[in-house]
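Written below as structure tokens is the structure these notes are about.
Being a predicted model, the structure only gives us computed values, none of them experimental.
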Amino acid sequence: MRCPFCANEDSQVKDSRPTEDNTSIRRRRQCASCGARFTTFERVQLREVVVVKSGIDGQEPRREAFDRTKLEQSVALACRKRGVEQERIDQLVSGIQRQVETAGDAEVPSAKIGEMVMNGLRQIDSVAYIRFASVYRDFSEARDFEEFASTVQEAAQSDPTGPNG
């Protein structure tokens, strides 16, 4: 593993343990050259999955490798300053990653992943859900927020055991 401080490719594992959700291994490493310590995470990857993003204005759809980090960042941004524990975010992201990798498809539409995120956020925090939806569904006016928020509020009133009910 390359050292992030000096770029030396020789490091020793000093400690290994599973993460709290048992989806990855946390390894503490020490660089053999500069002595710096750093942490790496090792995750199981069942298959290579390609995300298909719809083309804009008649352009061809774009394809890119599924990126867990990008998914984590999107969910974390939606949950920012909402008091959602990092563990809940990790569980949501791990669950989505498992669904994507075990679905059996080599290509997954980005819209399907977006819907998975929205379903997960709906259960965790209604404000994070609305934040994510505003970007995902490309809200352009305040009216878009109002209409979507009213549907969220109606759903919460009909299900008092919901995330914020």
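In this structure Arg37 satisfies the salt bridge (Lys or Arg N to Asp or Glu O under 4.0 Å) test with no other residue, sequence neighbours excluded. Residues passing the salt bridge (Lys or Arg N to Asp or Glu O under 4.0 Å) test with Arg68 are Glu72, sequence neighbours excluded. A search for salt bridge (Lys or Arg N to Asp or Glu O under 4.0 Å) contacts involving Arg29 returns nothing, not counting sequence neighbours.
A single hydrophobic cluster is not seen to contain both Val52 and Val49; linkage of ILVMFWY side chains at heavy-atom distances under 4.5 Å, directly or through other members, places them apart. If you chain together hydrophobic residues whose side chains sit under 4.5 Å apart, Met118 and Val108 fall into the same group. The same ILVMFWY cluster, assembled from side-chain heavy atoms under 4.5 Å apart, contains both Met116 and Tyr129.
Shown here for Phe66 and Val51, the closest heavy-atom pair between the two residues is CA-CG2, 3.8 Å. For Gly114 against Phe132, the heavy-atom pair with the smallest separation is O-CE2, 3.7 Å.
Pairs engaging residues 80-128 under the ring-ring contact (aromatic ring centres under 6.0 Å, His included) rule: none recorded [sequence neighbours left out]. Sequence neighbours left out, the pairs with a member in residues 106-119 that pass side-chain hydrogen bond (donor to acceptor under 3.5 Å, both in side chains) are Arg63-Glu107, Glu115-Tyr136, Asn119-Arg122.
With contacts defined as side-chain heavy-atom distances shorter than 4.5 Å, the pair Cys3/Ser33 does not qualify.
Taken from CZ in Phe41 to OG1 in Thr69, the straight-line distance is 11.0 Å, to the nearest 0.5 Å. With rounding to the nearest 0.5 Å, the separation of OG1 in Thr40 from CZ in Arg2 is 14.0 Å. The CD atom of Gln30 sits 11.0 Å away from the CG atom of Asp10 when rounded to the nearest 0.5 Å. The structure places CD1 of Ile124 at 4.5 Å from CG of Leu92, a figure rounded to the nearest 0.5 Å. Between atom CD of residue Glu60 and atom OG of residue Ser54 there is a gap of 12.0 Å, rounded to the nearest 0.5 Å. Expressed to the nearest 0.5 Å, how far CG of Asp90 lies from CD of Gln97 amounts to 11.0 Å.
Shown are Asp125, Leu121, Val127; of these, the side chain to side chain contact (heavy atoms under 4.5 Å, CB included) with Cys79 is made only by Leu121.
Grouping Ile, Leu, Val, Met, Phe, Trp and Tyr residues whose side-chain heavy atoms lie under 4.5 Å apart, directly or via other members, places Phe38 in a hydrophobic cluster with Met1, Phe5.
No donor-acceptor distance shorter than 3.5 angstrom exists from the side chain of Ser94 to the backbone of Gln91, with no hydrogens or angles considered.
Atom NZ of Lys81 is surrounded by 12 or fewer heavy atoms from other residues, nucleotides or ligands within 6.0 Å.
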